[in-house]
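Here's the structure, in structure tokens; my notes come after.
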Amino acid sequence: MKTSRPALSVLQIWNMCFGFLGIQFGFALQNANVSRIFQTLGASIDDIPILWVAAPVTGLLVQPIVGYMSDRTWTRLGRRRPYFLYGALLTTLALFFMPHSPSLWIAAGMLWIMDASINISMEPFRAFVGDMLPDRQRSTGFVMQSFFIGVGAVVASALPWMLANWGGISNVAEDGGLPNSVIYSFYAGGVVLLLAVLWTVVSTREYSPEELQNFERQERGTTAPAPTLERGAETYRNSAVAWFLAGGLMTALVFFLQLEKELYILGVGLLLFGGLQALVALKKYRRHGDNALSHIMDDLFAMPVAMKQLAWVQFFSWFALFAMWIYTTSAVTAFHYGTTDSASEMFNEGANWVGVLFAAYNGFAALAAFFIAWFANRTSRKLSHLVNLCLGGLGLISFVWIEDPAWLLLSMVGVGIAWASILSLPYAILSSVLPAQKMGVYMGIFNFFIVIPQILAASILGFVLNTFLSGQAIYALVLGGGSMIVAGLLVLRVQDHSTAELLPTAQPAAGSVGH
């Protein structure tokens, strides 16, 4: 019987990460086109952030639950692969329906369903790297995922533009609907996503629980459950009261001061988190603490130190990214193309160019992924991530300096480098400090620090733009750039003592996991 996880070949790592190409294909179509769909269905710029909030809220709920469940799953398909497959099937159906949404609120609901389905597939892929690769190869696995994310998103983001300019597909909307170039792009996205995920499901297998226990015995010297700092019922009760007070105060301020309605999201979020802690307190008082919610909450408060430090880096990084995803279409069409009429040819030309820009930053990310690993290996992961985030921040800020939209491709070089870094280096650092038996749930909890800044961005950006920046969407990108630079500076606080291999190297196929 194997005593430790064998090193995998580059081809095996390729196969196990290939499904991420499809997941990112669907995710990129969503990011590049949903704001456009919302505006076509009558949403104003002010309404877009509140409509987008469905996506991060879904991730906040789904990923830790899926992580917790997949840690405890074993079927004929394995541990993580059932979630890859079922999530892909649901996402494909959502992609087929999304461009035919008859009303704004149905489109918002479809965004919710689509994002939930993507998260069902995406979260286990992160834990999959921890399951299948030895520690020295995990950074290689995350870099490979970043590569596929970049490649998949390049084609998906630019697909409406390519269909219109190379395929002769109409780019003019009829009767208030979407142009065929967008509709056919969503159809293609559904097919590509499903086929890519099926490739990973078919071409890899997973280690059995017995094999994983044997690996744990060899690598960590024990098969006992990972230690957890269990919080008592009284601690949860007191914390719940504090969160209830904060949420009530925030909600009251929004109501009495008649602030932007999006700010209610913050108040409600604080109240909900207080409610979850109150529920855990009740279960613990009744000695029913052995349940998913209690375990996830205990693990949340028992995060390793490095994970807490990375949380702040993720917070400011993803605030910047969400600002970009929400406002780039509005910013470019208004600032660079001079129109806010979503039915005009100029608006659709600008919106298609945004798709090209999104494809460009993902293309630059795919190219940069392995250079980032090389640079990190020769300096440090912290220094590499700091430099990469600062380049991304400057790229976003430069939107306000550049008048010719063609030159925005230069801005996307920095954004692409930062994107590749965000998708790999934090996970490489994190995987070296996580308890192996809780890889799934902790990867899901780590998603909180991706989701919370997105909810905050959806809540406050509209208020900030309307109150202080004359409603000009271009300044949301400037704010995002500043946030990304702050994230880079916060990397300096992170403890990273791992010497895990960063560069992909061909390994012998011992202990093959490929079919």
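- Under the side-chain hydrogen bond (donor to acceptor under 3.5 Å, both in side chains) criterion, Trp353 pairs with no residue at all, not counting sequence neighbours.
- Put simply, the side chain of Asn348 gets close to the backbone of Ser344: a donor and an acceptor are under 3.5 Å apart.
- Remark: the backbone N or O of Ser330 is paired with a side-chain donor or acceptor of Thr333 at under 3.5 angstrom.
- Using a 4.0 Å cut-off between a side-chain N of Lys or Arg and a carboxylate O of Asp or Glu, Asp131 and Arg126 do not qualify as a salt bridge.
- By the side chain to side chain contact (heavy atoms under 4.5 Å, CB included) test, Ser384 is found to be paired with Ile372, Phe375, Ala376, Asn388, Leu425, residues two or more places apart in sequence or in another chain being considered.
- The pair Asp299-Lys438 counts as a salt bridge, with a side-chain nitrogen and a carboxylate oxygen less than 4.0 angstrom apart.
- With sequence neighbours excluded, the residues forming a side chain to side chain contact (heavy atoms under 4.5 Å, CB included) with Thr92 are Phe96, Leu193, Leu194, listed by chain and number.
- Scored by the side-chain hydrogen bond (donor to acceptor under 3.5 Å, both in side chains) test, Tyr361 finds Trp325 as partners (sequence neighbours excluded).
- Contacts of Phe148 classified as ring pair (Phe, Tyr, Trp, His ring centres under 6.0 Å), with partners at least two apart in sequence or in another chain: Trp14, Phe18.
- Side-chain contact check for Leu21 versus Val192: some heavy-atom pair is nearer than 4.5 Å.
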I'd like a table of donor-acceptor pairs (distance under 3.5 Å, sequence neighbours excluded) in which one partner is a side-chain atom from residues 300-324, with atom names and distances.
unit_1: Gln309; atom_1: OE1; unit_2: Gln495; atom_2: N; d: 2.8
unit_1: Gln309; atom_1: NE2; unit_2: Arg493; atom_2: O; d: 3.2
unit_1: Ser317; atom_1: OG; unit_2: Val313; atom_2: O; d: 2.7

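- Under the 4.5 Å side-chain criterion, counting only non-hydrogen atoms from C-beta, Leu465 is not in contact with Gln472.
- Within the 4.5 Å cutoff, side-chain heavy atoms of Ile118 are placed close to those of Gln30.
- Remark: the backbone N or O of Gly87 is not paired with any side-chain donor or acceptor of Ser117 at under 3.5 angstrom.
- No more than 12 heavy atoms of other residues, nucleotides or ligands lie within 6.0 Å of OH in Tyr184, so this atom counts as exposed by the packing criterion.
- Applying the side-chain hydrogen bond (donor to acceptor under 3.5 Å, both in side chains) rule to pairs touching residues 391-415 yields Ser398-Ser411, sequence neighbours excluded.
- Across Phe20, Tyr83, Phe84, a single residue satisfies ring pair (Phe, Tyr, Trp, His ring centres under 6.0 Å) together with Phe128, and that is Phe84.
- The side-chain heavy atoms of Val197 and Ile23, taken from C-beta on, include a pair separated by under 4.5 Å.
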Intermediate values then yes/no, side chain to side chain contact (heavy atoms under 4.5 Å, CB included), Val400 and Tyr475: CA-CA 7 Å; Val400 78; Tyr475 292 113; 4.1 Å; yes
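- Take Leu479 and apply the side chain to side chain contact (heavy atoms under 4.5 Å, CB included) test, not counting sequence neighbours, and it matches Leu461, Val464, Leu469.
- Take Thr328 and apply the side-chain hydrogen bond (donor to acceptor under 3.5 Å, both in side chains) test, not counting sequence neighbours, and it matches no residue.
- Residues Phe186 and Asn33 are in side-chain contact: their nearest non-hydrogen atoms beyond the backbone lie under 4.5 Å apart.
- Counting only residues at least two apart or on different chains, the side-chain hydrogen bond (donor to acceptor under 3.5 Å, both in side chains) pairs with a member in residues 186-197 are His100-Tyr187.
- Partners of Phe446 under the ring pair (Phe, Tyr, Trp, His ring centres under 6.0 Å) rule, at least two apart in sequence or in another chain, are Tyr427.
- Shown here are the side chain to side chain contact (heavy atoms under 4.5 Å, CB included) partners of Ala28, two or more places apart in sequence or in another chain: Gln24, Ala153, Ala156, Ser157.
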